[in-house]
Amino acid sequence: MSNANETTSEAQPSAANEATGRGKLIVFGEHAVVYGHRAVACSLPRGATAVVTPSSQPRRSVTHVDGSLEIDERAERALAAIFDTFELSPRHHSVDVELSIPVGCGLGSSAAMAVAVARSAARLTDLDEDDARGRIDEAVAASESVFHGKSSGIDHAAALGTGFFAFSNTHGWPEITSLDVPEHRWIVARVAPPAPTSQMVASVATLRQRHPQQVDPIFERFDALASAGAQALEAGRWSDVGALMDLNQGLLSAIGVSTPDLESACYAAREAGALGAKLTGAGGGGCIIALANDDSADDVMTALQELGQVYSYTLPPSNP
Ligand code: PMV
């Protein structure tokens with residue numbers, strides 16, 4: 001039995017060093033955003049909580065709603081990229097992460113985790129606030145490129161953010177505009193096993209390489225939908241938001257990232273009264289989001305529960 005006053009050589013995870021990063025929903029413009037077009041997303045109220053602790057016997061622990069996650073070679077490389085940025089040694093630090101969103105299905109768990117770990121690691125250095133912020137950005141970008149290859153940075157922005165925002169990365173740096181969106185309930189259903197984001201981004205790149213004259217105009221449409229969607233969201237014109245989500249889903253299907261499971265879930269949500277539904281994130285599996293009004297939200301949730309795990313978020317989060 002351990003004594004409360006006993007000192008050990010291993011530092012224990014400390015609440016003072018605990019840091020968080022948020023998950024996200026992409027409401028408009030995934031994939032096209034990789035090519036500099038505009039997208040709209042919202043940070044979730046939840047995501048990842050991490051504690052980095054100096055240790056001579058480094059531990060890796062990642063727990064999530066469905067169990068625990070194995071840290072494979074790629075995840076260890078992503079952690080090493082974060083530690084490198086802060087000139088800390090991965091071999092002398094334990095990392096404990098708790099995820100409160102589903103993993104690897106378009107809700108931005110890897111960016112949420114990277115932000116939480118980087119923020120916690122920054123607290124072990126004597127960097128001032130500005131330098132720490134810059135290094136956290138660098139560390140998260142390095143970690144995300146290990147997981148996703150070419151990425152737009154939208155997950156990274158959402159993991160650090162607090163609410164709805166429009167995002168583009170046209171000139172090689174992120175342009176982020178906060179959107180003032182009235183509170184509303186958003187329904188998320190995980191309806192199929194996820195596909196790796198890097199694989200889905202690569203499949204769109206191949207399609208564009210083969211058919212640039214057909215694919216580039218589709219990307220322009222994503223951009224226009226994101227702009228119209230941002231306006232409809234800010235005005236709380238929910239039936240317009242839903243219609244634009246349906247259009248966005250049609251474009252995602254056109255570029256080959258939807259699947260029969262995702263399509264069926266979108267149809268089921270609409271038939272149960274949703275104003276609109278679409279896949280969210282990279283596609284190929286994972287989650288859909290549905291928007292419903294107060295009268296139909298419960299029916300939409302019931303219909304989606306037949307197809308997978310269902311979550312409901314009030315957005316923007318009330319914990320900025
Ligand atoms: O499925 P996720 O959470 O990895 O979202 C990816 C979003 C993409 O637009 C497909 C890629 C990106 O980097 O923006």
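Order of listing sets the numbers, starting from 1, for every ligand and every atom in it.
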Taking only distance into account, with no hydrogens and no angle test, what donor-acceptor pairs under 3.5 Å do side-chain atoms of residues 312-320 form with protein atoms, sequence neighbours excluded?
| from | atom 1 | to | atom 2 | distance (Å) |
| --- | --- | --- | --- | --- |
| Ser312 | OG | Arg185 | NE | 3.3 |
| Asn319 | OD1 | Arg22 | NH1 | 3.4 |
| Asn319 | ND2 | Pro45 | O | 3.2 |

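- Among the atoms of Glu30, none of the N or O lies under 3.5 angstrom from an N or O of ligand 1.
- Counting heavy atoms under 4.0 Å from ligand 1, residue Met200 does not touch it at all.
- Those atoms of ligand 1 with a heavy atom of Ser151 less than 4.0 angstrom away are 13 (O).
- For a threshold of 3.5 Å applied to N or O pairs, the pair formed by Gly153 and ligand 1 contains no separation below that value.
- We find the NE2-CZ distance between His37 and Phe219 to be 6.5 Å, quoted to the nearest 0.5 Å.
- Considering backbone and side-chain atoms together, Asp155 places an N or O closer than 3.5 Å to an N or O of ligand 1.
- Side-chain atoms of Thr302 and Asp299 form no donor-acceptor pair, as typed in the model, at a separation below 3.5 Å.
- Under 3.5 Å, the side chains of Thr63 and Glu98 contain no donor-acceptor pair of N or O atoms.
- Summarising the geometry, atom NE2 belonging to His156 is positioned 11.0 Å from atom CG belonging to Asn169; distances are rounded to the nearest 0.5 Å.
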Side chains of residues 172-179: which donor-acceptor pairs under 3.5 Å do they make with residues two or more places apart or in other chains?
none

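- Heavy atoms of Val204 stay at 4.0 angstrom or farther from ligand 1.
- Assignment of Glu144 to the shell around ligand 1 is not supported, since no heavy atom sits closer than 4.0 Å.
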